[in-house]
Amino acid sequence: MAAIVRLQQSSSLLKPSAISSKFLHQSSSRPFFSKPNFLRNNTRLRKIHLAPPLCSDSNSIPESSSASGSSGSIVGDLLDYLNESWTQFHATAEAKRQLVDAGFHLLSENDEWDLKPGGRYFFTRNMSCLVAFAIGEKYSVGNGFHVIAAHTDSPCLKLKPKSALSKSNYLMVNVQTYGGGLWHTWFDRDLSVAGRVIVRGGDGSFLHKLVKVKRPLLRVPTLAIHLDRTVNKDGFKPNLETHLNPLLATKHDDASADVIDKSNSSSSKDSHHHPLLMQILSDELACEIDDIASIELNICDTQPSCLGGANNEFIFSGRLDNLASSFCALRALVDSSGPKDLSDEHAIRMVALFDNEEVGSDSMQGAGAPTMFQAMRRIVDCLANQLVREGILERAIRQSFLVSADMAHGVHPNFMDKHEEHHRPELHKGLVIKHNANQRYATSGITAFLFKEVAKIHGLPTQDFVVRNDMGCGSTIGPILASGVGIRTVDCGIPQLSMHSVREVCGKEDVDIAYNHFKAFYETFSSIDRKLNVD
């Protein structure tokens with residue numbers, strides 16, 4: 001959620017952890033979330049567990065029942081997704097892999113499309129934006145789209161084009177801030193780099209590859225309190241240009257000297273990045289340093305996403321905003337789009353995952369671009385079978401509905417006065433419907449009613465959020481997409497704490513509630529919508 005802004009191509013390059021339904025055993029043999037209204041009768045959630053926090057890359061994760069249906073939990077799979085998706089590029093590539101595994105057909109925006117009712121398709125843009133859709137077998141030209149949209153990017157530090165920096169005999173990395181992060185939380189963390197690299201091929205071609213250095217590589221150290229005696233009284237106020245540069249190595253250690261000697265040939269002499277860093281990247285990519293033509297790297301926290309809390313009721317992770325929403329939406333589409341699911345569907349079910357929401361969405365791969373609506377037009381044109389009818393796309397959009405899914409501000413127990421008294425979303429209490437009279441969110445009375453009606457039918461809880469009148473309100477992609485062509489939109493999100501921190505917190509139960517709500521939206525919205533006629 002952008003609270004500040006706007007007041008691969010080859011799957012063989014990936015090493016994703018397998019999608020797993022690994023999850024904690026409960027005392028009962030029955031699936032933990034076997035009923036959609038489990039929150040109303042969940043006293044056993046409060047039983048103290050002595051098991052260690054659950055990290056998806058740990059061998060100690062117990063097996064659980066299948067998470068493929070609404071009765072199973074997707075939390076274990078979310079942890080896998082978070083730990084794979086260090087950057088927006090990795091998140092999109094992992095989503096691509098999961099869609100291919102589920103039988104979705106990969107399209108290219110550069111090619112002519114051949115679509116059919118009952119088909120499942122997707123395409124990527126910039127390997128950081130993805131649109132996937134499933135066409136109902138009973139689709140008729142002019143019927144609507146049921147869309148869940150989220151974003152793949154999160155606040156982070158990024159390498160500058162010239163990242164090599166030296167201070168006081170330290171090799172350091174020159175970085176720029178991306179989005180409205182809580183930058184003080186990046187100090188004293190075990191950091192590394194991940195992103196994408198353009199590599200020269202032996203035949204003169206250029207290859208797009210993803211890279212992730214999993215070991216701790218960088219660190220931004222804080223100043224000792226002995227040298228800043230007033231920090232606890234006056235607050236920690238780092239200068240974002242001079243105080244955020246991470247340490248890479250000491251300048252004159254033997255390892256650095258060896259690497260510098262090895263790489264002092266050809267273009268490496270004039271590299272904008274430290275030869276030591278370039279050597280590490282070339283080792284990861286199994287290529288020569290001189291074959292690396294371009295890099296686009298994020299600084300990433302290396303601590304794995306895991307469960308925490310006395311009852312393992314929390315998810316501790318970076319990038320929950322907004323990969324948690326992205327995964328729940330993606331999984332809901334996959335699990336609601338089998339052949340039997342689409343046999344009686346008249347609409348088109350869609351997921352749209354955009355980049356650059358944290359900086360305003362104004363990019364080729366952001367929600368400010370017409371990506372989703374261009375896809376809608378192409379889908380409608382393709383399914384029309386060259387039959388030209390007046391206002392086909394416009395009529396389709398009028399029957400469409402968009403769920404803008406972005407994380408929400410859960411009430412902070414130490415700062416309760418920051419929330420409006422009657423709108424304090426809590427963890428474990430369901431999706432938050434976001435309202436703002438000044439249209440910072442796109443929710444209306446009608447769209448909120450329809451989305452809540454989906455939850456009501458399936459026994460799922462919802463909450464409402466309104467910002468205090470004496471505070472500024474953030475925004476997200478909802479108003480951008482809604483105003484683009486006039487699609488009905490509701491803004492919602494999973495409540496969380498520590499938003500935009502390097503390490504965020506949300507409730508485990510809310511992930512499964514969001515997944516079940518999104519899945520129910522795809523499966524039942526058509527029947528609900530036809531009962532209401534406003535215009």
Side-chain angles (χ1 to χ4, degrees), residues 99 102-105 107 109 112-123 130-149 329-330 332-353 370-405 442 444 446-447 449-451 453-454 457-458 478 481-490 517-535:
L99 287 166
F104 280 68
H105 178 68
L107 302 171
E109 288 189 283
E112 184 176 348
W113 292 356
D114 181 17
L115 311 178
K116 293 178 174 58
R120 300 177 297 167
Y121 310 91
F122 76 99
F123 66 87
L130 179 147
V131 176
F133 55 96
I135 305 170
E137 291 190 12
K138 294 187 177 179
Y139 172 83
S140 297
V141 175
N143 288 357
F145 292 80
H146 299 160
V147 189
I148 302 176
L330 183 74
L333 178 67
V334 169
D335 289 351
S336 66
S337 298
K340 292 182 179 179
D341 300 306
L342 298 175
S343 62
D344 198 40
E345 177 61 80
H346 295 258
I348 297 173
R349 301 172 181 178
M350 177 179 282
V351 158
L353 307 180
T371 310
M372 189 176 80
F373 300 113
Q374 287 175 348
M376 288 179 170
R377 179 173 292 281
R378 294 189 67 175
I379 294 167
V380 169
D381 287 348
C382 188
L383 295 174
N385 294 320
Q386 300 180 346
L387 176 63
V388 178
R389 296 179 183 175
E390 186 275 329
I392 293 177
L393 178 63
E394 288 75 12
R395 288 190 286 114
I397 290 174
R398 288 296 300 142
Q399 297 187 66
S400 298
F401 194 94
L402 170 69
V403 177
S404 169
S444 69
I446 296 300
T447 60
F449 163 76
L450 289 170
F451 196 58
E453 192 67 13
V454 172
I457 291 173
H458 291 81
L481 296 172
S483 61
V485 292
I487 187 172
R488 295 176 296 171
T489 302
V490 63
H517 199 150
F518 293 162
K519 190 166 181 283
F521 165 72
Y522 284 131
E523 294 173 341
T524 62
F525 184 79
S526 292
S527 62
I528 295 171
D529 189 37
R530 68 171 64 104
K531 297 177 182 178
L532 176 68
N533 186 7
V534 177
D535 295 320

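Only this structure's heavy atoms are used, side chains among them; waters, hydrogens and symmetry mates stay out.
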Considering non-hydrogen atoms only, spot the tightest contact between [X] and [Y] and give its length.
| X | Y | answer |
| --- | --- | --- |
| Leu383 | Pro117 | CD2-CD, 4.1 Å |
| Ala134 | Ser337 | CB-OG, 3.5 Å |
| Gly118 | Leu342 | O-CD1, 3.8 Å |
| Leu99 | Ala132 | CD1-CB, 3.9 Å |
| Ala442 | Thr447 | O-OG1, 4.4 Å |
| Lys116 | Ile135 | O-CD1, 3.6 Å |

Do [X] and [Y] come close enough that some side-chain heavy atom pair is under 4.5 Å?
| X | Y | answer |
| --- | --- | --- |
| Met372 | Phe133 | no |
| Ile348 | Ile379 | yes |
| Val490 | Phe449 | no |
| Val351 | Val131 | no |
| Phe373 | Leu481 | yes |
| Asp529 | Leu450 | yes |

* Charged N to carboxylate O under 4.0 angstrom, Arg398 versus Glu394? -> no

Roughly how far, to the nearest 0.5 Å, is [atom2] of [Y] from [atom1] of [X]?
| X | Y | atom1 | atom2 | value |
| --- | --- | --- | --- | --- |
| Asp335 | Glu523 | CG | CD | 9.0 Å |
| Arg488 | Ser400 | CZ | OG | 7.5 Å |
| Leu393 | Arg377 | CG | CZ | 4.5 Å |

* May I have the step-by-step check of side chain to side chain contact (heavy atoms under 4.5 Å, CB included) for Ile148 and Leu333, ending in yes or no? => CA-CA 9 Å; Ile148 302 176; Leu333 178 67; over 6 Å; no

* Run the numbers on Phe122 and His105 for ring-ring contact (aromatic ring centres under 6.0 Å, His included), then give the verdict. => CA-CA 6 Å; Phe122 76 99; His105 178 68; 8.5 Å; no

* Does the pair Ser526 and His346 meet the rule for a side chain to side chain contact (heavy atoms under 4.5 Å, CB included), with working shown? -> CA-CA 8 Å; Ser526 292; His346 295 258; 5.6 Å; no

* To do: Give every residue pair that meets the side-chain hydrogen bond (donor to acceptor under 3.5 Å, both in side chains) criterion with at least one member in residues 134-143, sequence neighbours excluded.
  =>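 Output for this query lists Lys138-Asp344.
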
* Stacked cation flag Arg120 on Phe104, 6.0 angstrom / 45 deg ->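 Yes, cation above the ring, under 6.0 Å and within 45°.
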
* Asked: Is there a donor-acceptor contact under 3.5 Å linking the side chains of Thr524 and Ser527?
  -> no

* **Aromatic centroids of Tyr121 and Trp113 separated by under 6.0 Å** => no

* For side chain to side chain contact (heavy atoms under 4.5 Å, CB included), just list the numbers for Phe451 and Ile446, CA-CA rounded to whole Å, side-chain angles, deciding distance to a tenth of an Å, and then say yes or no. => CA-CA 9 Å; Phe451 196 58; Ile446 296 300; over 6 Å; no

* Checking side chain to side chain contact (heavy atoms under 4.5 Å, CB included) for the pair Ile392/Asp381: CA distance, chi angles, key distance, verdict? -> CA-CA 8 Å; Ile392 293 177; Asp381 287 348; over 6 Å; no

* Who passes ring-ring contact (aromatic ring centres under 6.0 Å, His included) against Phe525, sequence neighbours left out? ->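 So Phe525 forms a ring-ring contact (aromatic ring centres under 6.0 Å, His included) with His146, Phe401, Phe521.
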
* All side chain to side chain donor-acceptor pair (under 3.5 Å) counterparts of Asp341, not counting sequence neighbours ->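 By the side chain to side chain donor-acceptor pair (under 3.5 Å) rule, Asp341 matches no residue at all.
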
